[in-house]
Amino acid sequence: MLDRDVRTWTVLLSGSARVGSFSEALDCFRRMQNECVLPNKFTLSCVLKCCSGLYELRMGKGVHGWIVTSGIGLDVALENSILDLYVKCEAFDYAKKLFELMEDRDNVSWNIMVGAYLQIGEVERSLDLFERLPEKGVVSWNTIVDGLMKNGLQGTALELLYRMISSGHVFNKVTFCIAFNLASSLSNVELGRQIHGLVLTFGVQDDRFIRNSLIDMYCKCGEMEKAHVLFRKISGEFLRTRNSKISCEAEIVSWSSMISGYVRNGEYEDAFKTFSSMVREQVWVSKFSLTSIVSACANAGILELGRQMHAYITKVGHKVDAHLSSSLIDMYAKCGSLDDAWIIFKQTDNPNVVQWTSMISGCALHGQGREAVRLFEYMMKKGVTPNEVTFIGVLTACSHAGMLEEGCDYFRLMEEAYGIMPRFEHFACMVDLYGRAGRLNEAKEFIYNNRLSHLSAVWRSLLSSCRLHKDFSTAKWVSEKLLQLEPFESGPYILLSNMFAAERKWEEAAKIRSLMQQRGVRKHPGQSWIQLKDLVHTFVAGDRSHPQVTEIYSYLDKLIGRLKEIGYSSDVEMVMQDVEEEQGEVLLGHHSEKLALVYGIISTPCGTPIRIMKNLRVCTDCHTFIKRTSQLLGREVIVRDIRRFHHFKHGRCSCGDYW
DNA sequence: TGGTTATTGG
């Protein structure tokens, strides 16, 4: 078959390119050259497209050079293909030069450059270019709106979208996708609904891209029911068209969107259910879905399921990429197994900023502040630029480890060296840092100096510090502030009334309680849960609903008795904490974490570590109780509360009683 | 030439 002509080759080559087999297409091209068959312009534009798809800059440059010397003649279309290749391969200098040298530039050339400047964050230049565009087509508008959004300029993007409409440009399918994205990144479900209306008016509701963008928009705006209705509507159609590759791809995307939507909205149960249906219906489980589901395991704190998902990733044959590895690191850390997080982290070749941040935050979560800081320093030495999330991790680490000076240094470094403006979360970390270190006045000053006094979260943090350092009067002052700021949160009421009670000011205590009742404020129920085999057992304070209730309580009583023999006594400091509500004296010793702990002890063999999750902070009494139990029974107990991990071993806790 | 799903923190 030596006499294949250029047309035969081109059919072969473009066929491979069309189905995305770029390497095969380029192989074809090489064989064609070996056989000394001269390519035509169409062949060349296909080849260039494949090069940019594979980020094959070197080969692309070679082809460019060959075109120039071969005398085949450059036309605008071919030059645009080269321009696009340079932009996709991030060879912006080449792209700029080529654009300057081009004799004929059409709309496409301009659009590519507008997109190029947006890609490298030179927004002003791209806007300038856009305004100078001789003729603005739909693609130009789409490019600028999309690029502005990706540069975080949602407001400007929206303005341009409105300008596009008012100047009489008609949306195409791509515009709809971009507009839905814009609505979700603005969390503007009303805008989303309006665009949904337009989709129906235009009759493009069956386009797969548009449908998926629509579902995704509702997911990201928190409207899961609406998303689910749309999803159900189309899933039947997917079943009928399973034989088409395009349909399969679209279906995979829509499942991923639903799963990530449930996870994003904290509806883990639904996320797991959707994932199971996806497997049952034999839909290809993509990395996207797995990343989300691993993150669900992380947040729900279900280590065993997380492990199963990790095994599943391997079984399906997915390579653990940057997204998967960072969510796995995060999952193991949040589920209490920092060792496993380290294993994944160490397997990573060149960790990116997210992977570093996951590991740093993981150390912080487990109270290993020094380790977190060491990692952070090492990361910077490696030339990886930290982002705002990394700093949240580092500041939290400093705060939990009582590293005041280091924390202050990093807070300065953030803005001075990296130009990251502190956000609310960073300020909150600082208040926590000062407070935990016992600098309550400095914390207060920090709040006022940075105009944070309207934010209840920073006062809540200060309140915890008052408790930690037993500063009764400041605590009372802060509680009153909180009571004004969030009159419908139960915490401050309970704290205040407890504090009055401790001072034996019964009338005032009762007044606060009745005010709380009048306003209809309800306390968040404290919950603890423990996973044994495949079951998650959940407990609330004084819970009597568990089938083994008698056994649990009788063991608990026995345990309390034995602990008292070695010096344990109920801690009275808990009046200064926002913990579970107690109603009677009997309940005092029956906080949910104690019940979960006892259930763990009686259900597992001696020596097995016990892992407990809790939706509030551990109270001082329970903390002491668990410490003593770990000593008495020689059991390791790992508790994840709402803020961090506590590793109890030999009568001590990893938090050093500083939490 | 442009468009859909994922990770750290909220």
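An OP1 or OP2 oxygen of B/dA6 is reached within less than 4.0 angstrom by a side-chain nitrogen or oxygen of A/Lys220. For A/Lys49 and B/dT1, the shortest distance from a side-chain N or O to OP1 or OP2 is below 4.0 Å. Distances shown here put every side-chain N or O of A/Lys136 at or beyond 4.0 Å from the OP1 or OP2 atom of B/dG2. OP1 and OP2 of B/dT4 both lie 4.0 Å or more from every side-chain N or O belonging to A/Lys173.
Contacts of A/Asn172 with the nucleic acid, taken as non-hydrogen atoms under 4.0 Å apart, include base atoms. Residue-level contact check: A/Asp106 touches neither bases nor backbone, having no heavy atom under 4.0 Å from any strand. Residue contacts for A/Asp84: at a heavy-atom cut-off of 4.0 Å it reaches the sugar-phosphate backbone alone, with no base atom in range. Nucleic acid contact for A/Arg423: base, since at least one base atom lies under 4.0 Å from a heavy atom of the residue. If you check every strand for non-hydrogen atoms under 4.0 Å, A/Arg105 touches nothing. In this structure, A/Asp321 reaches the bases: a heavy-atom distance under 4.0 Å links it to at least one base atom across the strands shown. A/Ser260 comes within contact range of the sugar-phosphate backbone alone, with a heavy-atom separation under 4.0 Å but no base atom that close.
Salt bridge A/Lys97/A/Glu100: absent, no basic N to carboxylate O contact under 4.0 Å. Salt-bridge formation is detected for the pair A/Arg460/A/Glu486: a Lys NZ or Arg NE/NH1/NH2 atom is positioned less than 4.0 Å from an Asp or Glu carboxylate oxygen.
Between the side chains of A/Ser464 and A/Arg617, at least one donor-acceptor pair of N or O atoms lies under 3.5 Å. A donor atom on one side chain and an acceptor atom on the other are found under 3.5 Å apart for A/Ser399 and A/Asp432.
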Dot-bracket notation for DNA chain B, counting Watson-Crick and G-U pairs under 3.5 Å, with | for partners on another strand: ..........

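In this model, no side-chain donor or acceptor of A/Ser213 finds a partner on the base of B/dT4 within 3.5 Å.
Closest contact between the side chain of A/Phe288 and the listed nucleotides B/dT5, B/dG2, B/dG3 involves B/dT5. Listed nucleotides B/dT8, B/dA6, B/dT1 differ in distance to A/Thr291; the shortest reach to its side chain belongs to B/dA6. With B/dG3, B/dG2, B/dG9 as the choices, the nucleotide that has an atom nearest any side-chain atom of A/Val389 turns out to be B/dG9.
At least one cation-pi condition fails for A/Lys49 and A/Phe22: the charged atom is not both under 6.0 angstrom from the six-membered ring centre and inside a 45 degree cone around its axis.
Between A/Phe645 and A/His366, the ring-plane angle classifies as parallel under the 30° and 60° cut-offs.
Among pairs with a residue in residues 218-231 of chain A, those fulfilling salt bridge (charged side-chain N to carboxylate O under 4.0 Å, His left out) read A/Arg193-A/Glu223, A/Asp216-A/Lys220, at least two apart in sequence or across chains.
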